[in-house]
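Written out below as structure tokens is the structure these notes cover.
Because the structure is predicted, anything quoted here is derived from the model rather than measured. Each chain gets a letter, A, B and so on, in the order its sequence line appears, and its residues count up from 1.
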There are 2 protein chains.
Amino acid sequence: MSFNDTSSRKITIADVAALAGVSRAIASRALSPEERPVSAEKKARVLAAAEQLGFKPNLIARSLKSRTLNLVAVVVNHIHDFSDLVLFDRLIAAIQDTGKQVVLLRVGSLDRVEEFLRNGVAWHVDAALVFSDFADAATVRTMFRNDRVVMLNGMRDANAPSIVADEATPIAAAVAHARARGKTRAVLVTGRQTSPVEQARIAAYRAALAAQGLALLAEHVGDYSYESGRSLSAAVLREGPEAAIFATADAMAMGVIDAGRADIARKPGDWAFYGFDALPLARSEAYPISSIGYDLEAYIARVIEHLRQPELFERPAGVITIPGSFMPHPSCGGPAAFERWPAEG
Amino acid sequence: MSFNDTSSRKITIADVAALAGVSRAIASRALSPEERPVSAEKKARVLAAAEQLGFKPNLIARSLKSRTLNLVAVVVNHIHDFSDLVLFDRLIAAIQDTGKQVVLLRVGSLDRVEEFLRNGVAWHVDAALVFSDFADAATVRTMFRNDRVVMLNGMRDANAPSIVADEATPIAAAVAHARARGKTRAVLVTGRQTSPVEQARIAAYRAALAAQGLALLAEHVGDYSYESGRSLSAAVLREGPEAAIFATADAMAMGVIDAGRADIARKPGDWAFYGFDALPLARSEAYPISSIGYDLEAYIARVIEHLRQPELFERPAGVITIPGSFMPHPSCGGPAAFERWPAEG
DNA sequence: CTGTTAGCGCCTTCAC
DNA sequence: GTGAAGGCGCTAACAG
């Protein structure tokens, strides 16, 4: 492999052992990250020899025995939403802090996912963190040949932990907020309805609206994107400011507002927009959107917990719920823009 | 490994060989993707046996000989900017389309990067795509023990290809656009100045402003983020609408505008905002920002080319330049919002 | 504590 | 065309 290992020849543990004048096993033990029985004196000699030769252990050979590559799969449909930025950035940093590395699998565009998996290292991960809803937990376990699956896509499974944000509570709070502003009607703007998370949100909205006596005039289906909000704007705004507008993503609410600024100006009144994800932008002057967020630090902490304590997979805790919170826009009762939200810890 | 391989025991090629009644070597040849000397009859038996047992070759064992895990490292400082969403989503999809998988390495928060690398599979990648500027090409090659490094961070190196967008041309166009609007003064809002890409942008702006006779009144340093634009807003807007405002990220320009909406309203006039990244939001009604983008498809195509044709690394093409383009905001001469930009081809 | 031995699963000579 | 044997680099198991 000329491209690999710029130095002439690859240094193996045998070379180190030879130079140190010990057996390969001793060298292996001295070089092991864990504490193994080696005399201090020989260990020092081995380490010196390794240093001198520039020895780098071959991970693949090690894995052949140890059966772990210290790899974690993060499985997503795609990277798309604004809220993904902070989520994946922090999650990857946290995973790396455990000493593991991340294979990012984007299954949105793969038809033969299983075959793809089999032909790559993802086949050998320590655990799979599943955001995508391309398959249920049982299928994911089979595909990864691995029981360590964390469902982060809203799917529940008896044999895999699933971690979800409590959205029903803040959704009820949002609806109550609209009610307090005098709204008695509502319009819903949703995302991909095949997603379990989305289904739960929609159900929660319907329930809260019914419970608090707001009439649901219409549901419009988008895809969480700003662009989809724009294209739905005219239909969404048709009911006028008397109807509160609830979107399952801030980005969609932003699109509704931008494409409809003329409409909105034409019918002045107390327009009430509600979103999801607690994007900083949605707290800005440009977009009067109240939003729903969750405690990202806590969420990530629970995920990482499973990586650090694999025994947690043996008796899955079922559904682990992270608190969510409703944050009114600064213009209607919320804290000033860009103060920290409680949920951001 | 109880957690791995839900089925009772792992099927090896020896099991297949035994069931087919042939030697392991024959089984290996029959199962090989390439054509190897095996009688048609035995090959059929082996394939049937493999199918029956659900045999899946062990990638790690294979890699021990073949020395490739079909892995590509994508090295980033962090995932942070709005523009990262579409870039990484498309890049990862494209890499996966080559049959390879992606290890995403976030080095922004790692102090001992080299040690981290050595202890993970990233050590054994086929190639490293480097967006981060944490190290120069030579160092990256050493750290990955791999000569296949593509520098996407603006750094140049005689022994590694680097792929960059041509930003000088659109920057000159942006300045000319401001000049045509009658601006004779300018304010610059920059990102992290340690980044080579950013240094090139700043230099291009200074040159274009000087060439076209605009006075550079001030430079303000942000970090590409919306929030940094907000905090610089008052200072940036101080010069009034007579000065064109050039930011090296749309997000910063958006922050400047949002935090300064009162200022802007107080001093009416032809405020001229220029950004970078061609975010959809910056083409919206909410933000009158003209922006600079590049041909993302072409950019990704050139990266993928290197993965598909590793021989390209043997004689690096030096700096590969992708065309960039200036897009005026719809409100000042650009195409209507949300038409496709030429650069999105 | 130390060294020898025997694999991990696969592939590739090399004789037959 | 076939099979036995050896090795990729490392580590666990077993004696010493």
For this session: Give a yes or no on whether the backbone of A/His80 and the side-chain of A/Asp84 come within a donor-acceptor separation of less than 3.5 Å.
Result: yes
For this session: Could you tell me whether the phosphate oxygens of D/dC8, OP1 or OP2, come under 4.0 Å of any side-chain nitrogen or oxygen in B/Arg62?
Result: no
For this session: Starting at CD1 of B/Ile79, measure out to CG of A/Leu91 and round the result to the nearest 0.5 Å.
Result: 9.5 Å
Exercise. Is B/Arg302 paired with B/Glu305 through a side-chain N to carboxylate O contact shorter than 4.0 Å?
Worked result: yes
Exercise. Tell me: CD1 of A/Ile13 to C1' of D/dA12, nearest whole Å?
Worked result: 13 Å
For this session: Please tell me which of the listed nucleotides, D/dA4, C/dC11, D/dT11, lies nearest to the side chain of B/Ala25?
Result: D/dA4
Problem set entry | Ring centers of B/Phe88, A/Phe88 separated by less than 6.0 Å | no
Exercise. A/Lys65 NZ to C/dT5 C1': how many Å, rounded?
Worked result: 11 Å
Problem set entry | Short side-chain N/O contact to C/dG9 OP1/OP2 from B/Thr12, under 4.0 Å | no
Problem set entry | A/Asn58 CG - D/dG7 P separation (whole Å) | 18 Å
For this session: Between A/Ser32 and B/Ser23, just flag the one whose closest nucleotide in DNA chain D comes earlier from the 5' side.
Result: B/Ser23
Problem set entry | Nearest-angstrom distance from the residue atom CD1 of B/Ile60 to P of D/dC8 | 19 Å
For this session: Could you check whether the rings of A/Phe131 and A/Tyr299 sit parallel, tilted or perpendicular, using 30° and 60° as the cut-offs?
Result: tilted
For this session: Could you please name the option among C/dC11, D/dG9, D/dT2 that lies closest to any side-chain atom of B/Leu64?
Result: D/dG9
Exercise. Does B/Arg24 get its side chain close enough to the base of D/dG6, under 3.5 Å, for a donor-acceptor pair?
Worked result: yes
For this session: Could you list by number each residue of residues 41-54 of chain A showing a heavy-atom separation from DNA chain C of less than 4.0 Å, or answer none if no residue does?
Result: A/Lys42
For this session: Using only heavy-atom distances, decide whether a donor-acceptor pair under 3.5 angstrom links the side-chain of A/Arg29 to the base of C/dG3.
Result: yes
For this session: Drop me the distance from A/Thr139's OG1 to A/Met155's CE, to the nearest 0.5 angstrom.
Result: 8.5 Å
For this session: Check the distance between D/dC10's C1' and A/Glu34's CD and give it to me in whole angstrom.
Result: 14 Å
Problem set entry | Whole-Å distance separating the CD1 atom of A/Ile26 from the P atom of D/dA12 | 13 Å
Exercise. Okay, side chain of B/Asn153, backbone of B/Ser132: is any donor-acceptor separation there less than 3.5 Å?
Worked result: yes
Exercise. B/Trp123 CH2 to D/dG9 P: how many Å, rounded?
Worked result: 15 Å
For this session: Just call it for B/Ser39: base, sugar-phosphate, or nothing, with non-hydrogen atoms closer than 4.0 Å on any strand.
Result: sugar-phosphate
